[in-house]
Each structure stands twice: as C-alpha cells, then as structure tokens.
Amino acid sequence: MAKDGRKLVEAITPMDADFAQWYTDIVKKAELADYASVRGCMIIRPYGYAIWENIQRELDRRFKETGHENVSMPMFIPESLLQKEKDHVEGFAPEVAWVTHGGTEKLAERLCVRPTSETLFCDHYKDIIQSWRDLPKLYNQWCSVVRWEKTTRPFLRSVEFQWQEGHTVHATEEEAQEETLRMLDTYASFCEDFLAIPVLKGQKTEKEKFAGAKATYTIEAMMHDGKALQSGTSHNFGDGFAKAFGIQFTDRDNQLKYGQQTSWGMSTRIIGAIIMVHGDDSGLKLPPRVAPVQLIIVPVQSQVQGVKEKAEELKAALSRICRVKIDESDKQPGWKFAEHEMRGVPIRLEVGPKDILKEQVVLVRRDSREKLFVPMAELESTVMKVLEDIQASMFARALELRESRTTTAVSMPEFTAQLDGRQGFIKAMWCGERACEEAIKEKTAATARLMPFDQTPVGETCVCCGKPAKRLVVWGRAY
RNA sequence: CGGGGUGUAGCGCAGGUUGGUAGCGCGCUUGGUUCGGGACCAAGAGGCCGGAAGUUCGAGUCUUCUCACUCCGACCA
C-alpha cells in the first residue's frame with residue numbers, strides 16, 4: 001500500500017487551481033491524445049480514438065436514419081475553386097495551408113489543403129444536378145481538415161482536426177431550412193442523450209455566422225468553468241454558393257432554378273466538451289453511452305484460487321449487456337481503482353475471495369463514488385440499471401450547473417459584475433446593432449453565443465445602448 | 001500575431017549566477033515478498049541537457065539566432 005496519497009494528488013492539477021492545466025493533465029494522463037512533431041497537431045491515442053469511434057458510429061447512424069449518404073472528397077482544393085465564393089474565401093484564406101510543389105516540380109496552380117469542403121461539394125453538385133428529380137442531395141463525409149490556427153489546444157483547437165461535414169442541396173428554401181434545423185436537432189439530441197451534455201439551441205448573429213452562409217445555427221454547451229463551447233453548427237446557405245458555382249436545376253414548372261444548400265459539422269472538439277463538462281479532480285468522467293469501457297473488472301487477491309476464474313466468468317456474462325474489460329495487470333488493486341477512475345470508466349466491479357464466499361460483487365460508480373454490494377444473481381440487471389442511472393444523473397448534474405450559472409442582465413454594470421464574479425451565461429436583450437455587440441465584447445470579452453430559439457424576453461431595451469431591443473441573446477466567454 | 005513563462009532520462013524536477021564532461025524522485029527491466037484505495041526489498045537499464053552557430057583548452061551552465069510547448073490577449077470548429 002502507498003504510504004500517503006501524495007502521488008495521486010500530484011497527478012492531476014485541481015480544477016479550481018488552474019482549469020487549463022487540469023484540462024491538459026487529463027488529456028495526457030488519461031492517454032486521450034499526445035502532441036505531435038508538427039506544431040499544433042495532435043496524436044489521438046487509442047483511448048481517445050475509441051471515444052471518437054463511438055461518437056462517429058452513433059452520429060453516422062443518426063445521419064443515415066435521416067437519409068444521408070457518405071462520400072469522400074479530395075483533400076486538395078485548387079486556388080481558383082476556393083475563390084469562387086467571396087465571403088467564404090475571405091473567411092478562410094488567412095488560415096489555409098498551401099501545397100505548391102508536386103515532388104520537385106512547382107505546380108501551375110497551388111492547392112490548398114481543405115479547411116472545409118463547401119467548394120469541393122459545390123463543384124461536384126453543379127455537374128450532377130440537372131433536374132428537380134436529382135434533389136435533394138444529402139451527402140456527408142468523415143475526414144480531417146486543416147486550419148492554420150495560431151494558438152492551439154488538444155481537441156479544442158488544433159491545426160488538423162477530425163470531423164464530419166454534411167453538405168446538402170434542396171429544391172426549395174423551405175426544404176433547406178427544414179434540413180438545417182433537422183441537423184441542428186440531431187446534434188442537440190446527440191449531445192444530450194448520448195454525451196449527457198445539455199445544449200442551448202439558437203441562431204448566430206451576423207457577426208458570428210459562417211463565412212458565406214445566409215444563417216448559422218449553433219448548439220452551445222457550458223463547460224465546468226462557466227465558459228461556452230460551440231459544439232456543433234448547422235448552416236443555411238440559401239442560394240449563395242449555388243449562384244457562385246452554377247448549381248442549377250430545372251424544376252417541375254420547367255423553370256431553371258438555383259439549388260438551396262446547407263452544411264453542418266461536428267468535430268473532435270466535442271471530446272474536449274466531454275472532458276470539460278463532466279470531468280473532476282480525479283480525472284475524466286465518461287457518460288456510459290460513449291465510454292469505450294463501461295465496466296472494468298478489478299480482481300482482488302487474484303492470486304487466490306478461483307478469483308481469476310470468477311472474473312472471467314463475470315466478464316463473459318456482462319459482455320452481453322455492456323462493454324467490459326478485466327484489469328489483469330499485476331498492479332495493486334488501489335492503483336487500479338485510481339487509474340480507471342482517472343480514465344473515467346463509469347462502473348468498477350471488484351471481485352475477491354470475500355465476495356465469492358458471499359456470492360456478491362462490489363460495484364462502484366464513477367459519478368457518485370457510491371459503493372454497491374450486489375448479489376451475483378442480480379448483477380446483470382443491476383449493471384444495466386446503474387449504467388442508465390449514471391447517464392441520466394450526469395446529464396442532470398451538467399444541466400444544474402448550467403442553470404446555476406445562467407443569469408440575466410439589464411444594464412452593463414450588471415452584466416460586467418456578473419461576468420467578473422462566477423463566470424457563466426448571461427441572458428440580455430440586444431438592439432441588433434453590430435456596434436453594441438462589439439462594444440460588449442470590447443468591455444467584457446464576452447461574445448454573443450447565440451440568439452436562443454426560446455426568445456422569452458428579459459427586458460425591453462438593449463443592455464448596451466438602451467434602445468428598444470430586438471432579440472434575446474445569450475452571452476458568454478468562449479473557448 | 002503581441003505580452004509572459006518553460007524546454008535536462010518515459011514523467012516531474014535539481015544543477016546554471018561561480019564553465020571542468022550530469023543527479024534526484026516516480027516510472028521501466030529482472031528476481032523475490034505482497035495484494036479490499038496508487039505496496040516493499042534487492043539488482044539493473046536508460047540522457048551527446050530542444051536545435052544551430054559563437055566565445056573558450058573545455059559549454060547543461062556564457063552570447064546570438066531558431067524551434068516547440070504553455071498561459072494571457074487578438075482571430076477561428
């Protein structure tokens with residue numbers, strides 16, 4: 001046994017001491033990711049990638065349920081193609097990486113490494129869409145993209161990141177809008193049901209919307225330190241890109257019309273959200289549905305006759321209902337307890353000679369650390385119930401945190417005071433003028449996270465200028 | 001991109017002001033004893049001190065330049 005608990009305490013910086021360091025510690029100690037030899041790029045390690053695979057599997061299933069198909073586009077975009085849509089190129093040009101040579105030969109036209117693939121999809125769509133019968137086109141791709149970010153952090157912002165990008169074309173504005181909101185809902189319910197992360201849904205302001213979009217919708221989550229993280233976006237492009245790229249079709253009325261487009265994406269950044277919403281000073285805390293290992297069996301006194309065999313037997317039985325592993329390493333039990341807690345495994349099962357005699361096992365919940373003594377006969381049903389309960393209570397806890405850190409402000413002094421105290425979301429009315437949005441950012445470092453769909457007003461005048469308010473906005477400092 | 005901090009063994013650090021050929025803890029390997037909240041004993045392995053140039057008989061240490069990480073801002077998933 002250890003002489004003291006010092007090492008445990010040293011392993012992870014406490015959240016309250018330094019949240020940023022706490023985050024980095026978890027990423028490294030839980031072996032989610034590591035730094036690569038290229039600045040700002042990361043290596044997603046097996047445990048982190050297993051989380052991503054679970055996210056992919058579930059999202060992909062939901063995309064296909066709503067009629068989407070997967071494709072694969074090139075990773076290079078010719079400069080001329082990138083430049084076809086004015087706002088889009090202005091938005092992304094500062095952060096694209098360029099390929100100028102093929103082997104030793106200089107290319108006639110340089111190629112950018114995709115920062116996003118709108119232009120590639122559009123270029124393809126213009127060729128394959130002729131008639132209303134060709135619509136809608138509901139494509140998605142899983143890939144990585146490159147944006148030459150200046151400051152980077154694992155998962156939250158890296159030069160290259162994994163994501164999925166959906167790109168669709170529709171015959172009418174109504175259909176495109178419907179699709180945009182459908183996918184926003186898909187993201188929202190995915191976050192809430194699967195990741196136990198409560199999100200706010202709404203629209204971005206003009207200033208914050210995607211380069212080239214008519215409207216951008218977002219889901220925003222609150223991290224444990226009260227800061228916001230944009231967790232998924234869905235854009236309605238209208239016919240802006242279609243006009244720039246010539247995506248036209250003949251409609252039922254024999255009129256030539258432009259396609260109405262959408263795009264939507266979610267990235268590995270969401271793993272950062274899982275860490276920062278659920279984690280604690282002992283490490284990662286994974287919601288059962290996304291956890292690569294849902295239950296870890298720790299045999300105690302495994303040198304004693306029958307313990308290993310019992311552990312194997314339990315694993316076989318539990319494998320039918322959840323993702324289970326046995327820790328058979330020759331570490332001390334106490335070491336294993338701490339290790340799997342740090343890695344966020346939802347349930348630990350301890351089984352030793354005493355348990356075998358009593359025909360029971362010990363279950364310990366990662367979320368509440370509650371210890372349950374469960375008769376072998378009831379194990380499977382109990383595990384299923386506990387997994388569901390952990391999932392639900394993690395969501396409830398995250399929601400409670402967000403609610404407790406969401407306030408309203410009707411004046412700037414009030415706004416500033418609240419943000420300087422306990423950081424969180426602030427609901428405040430806004431006149432709709434960009435000048436006010438910028439003034440608030442200047443004074444408080446808070447940005448307009450979104451204009452929530454729930455527009456229940458908290459006042460009548462703009463929190464900044466005092467003129468009549470047009471919209472309710474949720475403000476916050478963001479990652 | 002502006003301002004600060006840090007680069008020495010896998011990880012965390014000492015050594016640096018006073019230049020002399022590298023040390024501690026954890027981890028790792030092997031053997032043994034252990035095992036219900038990060039065990040113990042013994043014997044080992046592992047580093048041209050982020051990189052380059054310079055000063056010097058001699059550089060982890062001094063000078064210059066670079067690169068990376070990190071925090072705080074500005075910009076973005």
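Letters A, B, ... mirror the listed sequences (proteins, then strands); counts begin at 1.
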What would the secondary structure line of RNA chain B be in dot-bracket form, counting Watson-Crick and G-U wobble pairs under 3.5 Å, with [ ] for pairs that cross earlier ones and | for pairs with another strand?
((((((((.[[[[.)....(..]]]].((((((.....)))))).....[[[[[..)....]]]]])))))))....
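Side-chain nitrogen and oxygen atoms of Lys331(A) include at least one within less than 4.0 Å of the OP1 or OP2 phosphate oxygen of C28(B).
A salt bridge between Glu350(A) and Arg348(A) is present, with a side-chain N of the basic residue lying under 4.0 Å from a carboxylate O of the acidic one. The pair Lys441(A)-Glu437(A) fails the salt-bridge criterion, with no side-chain N (NZ, NE, NH1 or NH2) lying under 4.0 Å from an Asp/Glu carboxylate O. Salt bridge present: Asp280(A) and Arg366(A) bring a charged side-chain N and a carboxylate O closer than 4.0 Å. A salt bridge between Glu206(A) and Lys209(A) is present, with a side-chain N of the basic residue lying under 4.0 Å from a carboxylate O of the acidic one.
Nucleotides U61(B) and G4(B) are separated by 24 Å at their C1' atoms, to the nearest Å. Rounded to the nearest Å, the gap between the C1' atom of A43(B) and that of G38(B) is 24 Å. G47(B) and G32(B): their C1' atoms are spaced 30 Å apart (whole Å). The gap from the C1' atom of A45(B) to that of C28(B) amounts to 8 Å, rounded to the nearest Å. Spacing between G23(B) and A9(B) at atom P, rounded to whole Å, works out to 14 Å. Taking the C1' atom of each, A39(B) and C62(B) are spaced 47 Å apart, rounded to whole Å. Taking atom P in both C65(B) and G5(B), the straight-line distance is 15 Å, to the nearest Å. Taking atom C1' in both G3(B) and G20(B), the straight-line distance is 39 Å, to the nearest Å.
In this structure, Phe63(A) has its ring center closer than 6.0 angstrom to the ring center of Trp264(A).
As a whole-Å value, the separation of Arg114(A) CZ from A77(B) P is 18 Å. For the pair Arg343(A) CZ and G38(B) C1', the interatomic distance rounds to 15 Å; values are reported in whole Å. Distance CD (Glu370(A)) to C1' (G37(B)): 18 Å, rounded to an integer number of Å. In this structure, Lys336(A) places its NZ atom 14 Å from P of C35(B), rounding to the nearest Å. Between the P atom of A39(B) and the CD atom of Glu339(A) lies a distance of 12 Å, rounded to the nearest Å. Following rounding to the nearest Å, Trp335(A) (CH2) and G38(B) (C1') show an atom-to-atom distance of 8 Å. Note: CD (Glu208(A)) to P (C76(B)) measures 7 Å, nearest angstrom. In this structure, Trp142(A) places its CH2 atom 14 Å from C1' of A77(B), rounding to the nearest Å.
When the nearest nucleotides of RNA chain B are assigned to Asp330(A) and Ser267(A) by heavy-atom distance, the more 5′-ward of the two goes with Asp330(A).
At the heavy-atom level, Val362(A) lies under 4.0 Å from base atoms of the strands shown. Contact annotation for Phe161(A): base contact, defined as any heavy-atom pair under 4.0 Å involving a base atom. Residue contacts shown for Gly265(A) are absent, as no nucleic acid heavy atom lies under 4.0 Å away. Nucleic acid contact class of Pro94(A) (heavy atoms, under 4.0 Å, all strands): none. Within 4.0 Å of Leu156(A), counting heavy atoms only, lies at least one base atom of the nucleic acid.
A perpendicular orientation is assigned to the rings of Trp475(A) and Trp430(A), their planes being inclined by more than 60° (bins at 30° and 60°).
Side chain of Thr447(A) to backbone of Arg449(A): no donor-acceptor contact under 3.5 angstrom is found. Checking side-chain atoms of His68(A) against main-chain N and O of Leu138(A) turns up no donor-acceptor pair under 3.5 Å.
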Validation: residues 290-299 of chain A side-chain donor-acceptor distances under 3.5 Å, sequence neighbours left out:
unit_1, atom_1, unit_2, atom_2, d
Gln294(A), OE1, Arg323(A), N, 2.7
Gln294(A), NE2, Pro288(A), O, 2.9

Which donor-acceptor pairs under 3.5 Å do the side chains of residues 222-231 of chain A make with protein atoms, sequence neighbours left out?
unit_1, atom_1, unit_2, atom_2, d
Asp225(A), OD1, Lys227(A), N, 3.1
Asp225(A), OD2, Tyr479(A), OH, 2.6
Gln230(A), OE1, Lys204(A), NZ, 3.0
Ser231(A), OG, Leu229(A), O, 3.0

Scan nucleotides 4-14 of chain B against the protein and return all N/O pairs shorter than 3.5 Å with their distances rounded to 0.1 Å.
none

Shorter than 3.5 Å, N or O on both sides, protein versus nucleotides 67-75 of chain B: list them out with atom names.
unit_1, atom_1, unit_2, atom_2, d
C69(B), OP1, Gly40(A), N, 2.7
C69(B), O3', Tyr35(A), OH, 3.4
U70(B), OP1, Tyr35(A), OH, 2.1
C71(B), OP1, Arg153(A), NH2, 3.4
A74(B), N6, Thr151(A), OG1, 3.3
C75(B), OP2, Lys441(A), NZ, 2.8

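A donor-acceptor contact under 3.5 Å links the side chain of Arg348(A) to the base of G37(B). For G37(B), the base has no donor-acceptor partner in the side chain of Gln332(A) [N/O atoms by modelled type, under 3.5 angstrom].
The number of heavy atoms from other shown groups lying within 6.0 Å of CH2 (Trp142(A)) is above 12.
A cation-pi arrangement is not found for Arg62(A) relative to Phe190(A), the charged atom failing to lie both closer than 6.0 Å to the ring centre and inside a 45° cone about the ring normal.
Here the rule is side chain to side chain contact (heavy atoms under 4.5 Å, CB included) with Thr119(A), and of Lys84(A), Glu85(A), Met73(A), His88(A) only His88(A) fits it.
Every residue meeting the side-chain contact (heavy atoms from CB on, under 4.5 Å) condition with Val89(A), not counting sequence neighbours, appears here in chain and number order: Leu82(A), Gln83(A), Ala93(A).
Taking the side chain of Arg269(A) as heavy atoms from C-beta on, and the options G37(B), A77(B), C35(B), the nearest nucleotide is A77(B).
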